[in-house]
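Accompanying notes for the structure given below.
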Amino acid sequence: MAATLSTAIDVHFTGPKTDTKRPIFFTKHQRHSPTRRRFTIYCNSLSKSPLKSPQNLSESTNPKNPSLSDQLKPLSATTLPTTTKEQTHLLSNPKSIWVNPARPKRSVISLQRHKRSLYSYNPNVRELRLFAQKLNNCEDTESAFLAVLEEIPHPPTRENALLILNSLKPWQKAHLFFNWIKTQNLFPMETIFYNVTMKSLRFGRQFQLIEELANEMVSNEIVLDNITYSTIITCAKRCNLFDKAVEWFERMYKTGLMPDEVTYSAILDVYAKLGKVEDVLSLYERGVASGWRPDPIAFSVLGKMFGENGDYDGIRYVLQEMKSLGVQPNLVLYNTLLEAMGKAGKPGLARTLFDEMVDSGLTPNEKTLTALIKIYGKAKWAKDAMQLWERMRSNKWPMDFILNNTLLNMCADIGLEEEAEKLFEDMKVSENSRPDSWSYTAMLNIYGSGGKVHKAIELFEEMTDLGFELNVMGCTCLIQCFAKARRFDDLVRVFGVAVEQGVKPDDRLCGCLLSAVSLCEEGEDVEKVLACLHQANPELVAFVKLIQEEGSSFETVKEGFRSVISNSLDDARRPFCNCLIDICRNRNLPERAHELLYLGTVYGLYPSLHNRTAAEWSLDVRSLSIGAAHTALEEWMGTLAKIVRRQEALPELFLARTGTGTHKFAQGMTSAVASHLEKLAAPFSQSEERAGCFVATRDDLVLWVHSRTPSTVV
DNA sequence: TTTGCTAAAA
């Protein structure tokens, strides 16, 4: 399996030019920071984090047990390979352990998993479990709990107590029971009692209590084992107390205990969540160099980390590593990698990976399908999405409400109104997949982007009746819908209701309001919409007014633009600029529109607007609004005319890319550009071979320029 | 029926 997987990866990634001799790990990690550097960073970061161990911990006085950073420091300084060749070898073939005979490598991981004590059958299981249920269900006070404890059916021996403790679900009950056993003083409290209690506390995210118990163990000289540490570390992680997680990991080394692979994966995940990619890789490589054969969980941690960073090279690295170590992915690992592929923007590879997963005999679960449907929706791969949906039905693959909502979102992304309506109705009569506020929001999105005002209003009323509050996205969808239908009074009303309900307008919502402003005729409506926008983003409103004043200098506009853009989220910047340009075009301020397009380009909002090769020059307006596209087109034609007049070198072909209009926001772009080109009498015509493109030849363009102006050379 | 590690949506 692994072979086919990586073959597919190579084909997709490198194409025919695959150089098999190239180190696997040639990615950005190495480009920016080669191995040696990575180690240095890692050691520094560890030694910088101060240890806050309690006084009674013997670790700090034991020179035989240096901290992990101390252990690694001499290694990084002396034994790491220094030449590129050696680095490559170490990285591309982690199975082979690099050995320096003069300096044996110190291990960082225990290759043996902590072994559990044998479980002996307890004849009182049923009664004790029933009793535990009683405790679970009793009132949540200490007195009520102690009262029920009076009825304990068998004496709380070590085994009986463990069984009960293990069956107590709410952390409060487990904690109370644990404390009670301690007061009974019938047997010494062993590590396992602490471990079981901590597990329950972790479920309730009670890190403080866990830490108290851990310190109690230290002072009572009860051994903390790998299970204890991994529970502490994962609890800290779940409570977002990453410093604490690292701190306990270090303490573990200091006491001389080696982490086993479970603890090791847990800490890898901590560093991954902290965004310390370098550290994770160092730890990973050190583990492998110690003889560790990472399991699917470890690879899942790595894959997820790379996915979060949108780092496809990293995901490729994980796949290669799995292949070279012969690790067979399990379902969870596949799910993580699929999701990572989605985040890295590789729908094709996600599809390949999924096919291989199914071929390998695994059955996808809800999470697999959710990940994949989401990827197809975002990529607007309608065909693949529909095929997968069909397969889900015919194979009766598992579904849940999240998958259903993801399907609705996919329908919104692709514009499948009927399919969504059908699913939504099915959900209403289903047993355990009833529409929730996410489902309603997805439907609002579909009606909003499709401009179906009546359906949107109906849906909004329905969800209000059912008690679902409008969230910020639902509000944005409705506002978009009303703006398209020029129903500005309704727009203002919905905005008011939403804000009253506690919706906090975000940049997307502001973008939507700004777009509504561009659609208003000047007068009352504009003021009403601007008043809404003012509540959300007063600076933006001030800037809208500034650009419409003829007296505003370019410098003032530039400064205002800089401020507005830098105060908005990255995703919202280009839409803001597009709407601002539209506003200027609609108010007959073409000069200002050109200034704004210029500023947008300077600030990198339109990175792929112009493309030049020797054979053709193109203008790609697909990410522009119609007003911005007009402006860009004028700008481009002006530039081309100048170049023609200066008789500079020109390519054979010119191309204006408008897209095919299949994108729901890009509808009307093609006809708008067509009519604009017609007005200019420019020699561009819609290409037959290349969908969504207007083309002109060099000769036609030159003729056109000369026909417009007497042949004066500038 | 068992003391620890990976997983979810605009």
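Note on naming: letters A, B, ... go to the chains in the order of the sequence lines (proteins, then strands), and numbering restarts at 1 for each one. None of these values were measured; they are calculated from a predicted model.
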If the cut-off is 4.0 Å, is [X] near the phosphate of [N], judged by side-chain N/O to OP1 or OP2?
{"X": "A/Lys273", "N": "B/dC5", "answer": "no"}
{"X": "A/Lys367", "N": "B/dT6", "answer": "no"}
{"X": "A/Arg202", "N": "B/dC5", "answer": "yes"}
{"X": "A/Lys374", "N": "B/dA10", "answer": "yes"}
{"X": "A/Asn405", "N": "B/dA10", "answer": "no"}

Using the side chain to side chain contact (heavy atoms under 4.5 Å, CB included) criterion, which residues pair with A/Asn409? Sequence neighbours excluded.
A/Ala442

Suppose we call a contact any N or O donor and acceptor under 3.5 Å apart; does that hold for the side chain of A/Asn471 and the base of B/dA10?
yes

For a quick check, tell me whether the side chain of A/Asp260 and the base of B/dG4 share a donor-acceptor pair closer than 3.5 Å.
yes

Whole angstrom value for the distance that separates [atom2] of [N] from [atom1] of [X]:
{"X": "A/Leu268", "N": "B/dC5", "atom1": "CG", "atom2": "C1'", "answer": "10 Å"}
{"X": "A/Lys343", "N": "B/dA10", "atom1": "NZ", "atom2": "P", "answer": "10 Å"}
{"X": "A/Met252", "N": "B/dG4", "atom1": "CE", "atom2": "P", "answer": "16 Å"}
{"X": "A/Met305", "N": "B/dA7", "atom1": "CE", "atom2": "C1'", "answer": "17 Å"}
{"X": "A/Glu308", "N": "B/dT6", "atom1": "CD", "atom2": "P", "answer": "15 Å"}
{"X": "A/Leu337", "N": "B/dA8", "atom1": "CG", "atom2": "C1'", "answer": "15 Å"}
{"X": "A/Trp292", "N": "B/dC5", "atom1": "CH2", "atom2": "C1'", "answer": "10 Å"}
{"X": "A/Asn166", "N": "B/dG4", "atom1": "CG", "atom2": "P", "answer": "8 Å"}

Contacts satisfying salt bridge (charged side-chain N to carboxylate O under 4.0 Å, His left out) that involve residues 189-198 of chain A (not counting sequence neighbours) are A/Arg158-A/Glu190

Side chain of [X] only, heavy atoms from C-beta on: which candidate in [options] is closest?
{"X": "A/Arg508", "options": "B/dA8, B/dT3, B/dA10", "answer": "B/dA10"}
{"X": "A/Lys199", "options": "B/dA9, B/dA10, B/dT3", "answer": "B/dT3"}
{"X": "A/Ile297", "options": "B/dA7, B/dA9, B/dC5", "answer": "B/dC5"}
{"X": "A/Asn409", "options": "B/dA9, B/dG4, B/dC5", "answer": "B/dA9"}
{"X": "A/Trp438", "options": "B/dA10, B/dT3, B/dA7", "answer": "B/dA10"}
{"X": "A/Val125", "options": "B/dT1, B/dA8, B/dT6", "answer": "B/dT1"}

Using a 4.0 Å heavy-atom cut-off, does [X] contact any base of the nucleic acid, only the sugar-phosphate backbone, or nothing at all?
{"X": "A/Glu366", "result": "nothing"}
{"X": "A/Asp400", "result": "base"}
{"X": "A/Val472", "result": "nothing"}
{"X": "A/Tyr121", "result": "nothing"}

Can you sort out which residues in residues 187-198 of chain A have a heavy atom within less than 4.0 Å of DNA chain B? Ascending by number, please.
A/Ile192, A/Asn195, A/Val196

Under 4.0 Å from any atom of DNA chain B, heavy atoms only: list the residues of residues 230-239 of chain A that qualify, in numerical order.
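Contacting residues: A/Ser230, A/Thr231, A/Thr234, A/Lys237, A/Arg238.
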
side-chain hydrogen bond (donor to acceptor under 3.5 Å, both in side chains) with [X]: which residues, sequence neighbours excluded?
{"X": "A/Glu417", "result": "A/Lys452, A/Lys455"}
{"X": "A/Lys199", "result": "none"}
{"X": "A/Ser200", "result": "none"}
{"X": "A/Glu366", "result": "none"}

Quick check, does A/Tyr229 stack with B/dG4? I mean ring centres under 5.5 Å and planes off by under 30°.
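Stacking is absent between B/dG4 and A/Tyr229, given that the ring centres and planes do not meet under 5.5 Å and under 30°.
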
Output yes when A/Glu247 and A/Lys244 qualify as a salt bridge under the 4.0 Å nitrogen-oxygen rule, no when they do not.
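Judged by the 4.0 Å cut-off on N to carboxylate O distance, A/Glu247 and A/Lys244 do form a salt bridge.
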
Are A/Glu321 and A/Arg316 close enough for a salt bridge, meaning some N to O gap below 4.0 Å?
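No, this pair does not count.
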
Which pairs would a plain distance check flag for residues 506-513 of chain A, meaning a side-chain donor or acceptor within less than 3.5 Å of a matching protein atom at least two apart in sequence or in another chain?
{"unit_1": "A/Asp506", "atom_1": "OD1", "unit_2": "A/Arg508", "atom_2": "N", "d": "3.3"}
{"unit_1": "A/Asp506", "atom_1": "OD1", "unit_2": "A/Leu509", "atom_2": "N", "d": "2.9"}
{"unit_1": "A/Asp507", "atom_1": "OD2", "unit_2": "A/Leu569", "atom_2": "N", "d": "2.6"}

Is the ring pair A/Tyr229/A/Trp248 parallel, tilted or perpendicular, if the boundaries are 30 and 60 degrees?
tilted

Any chance the side chains of A/Thr352 and A/Asp355 put a donor and an acceptor closer than 3.5 Å?
no

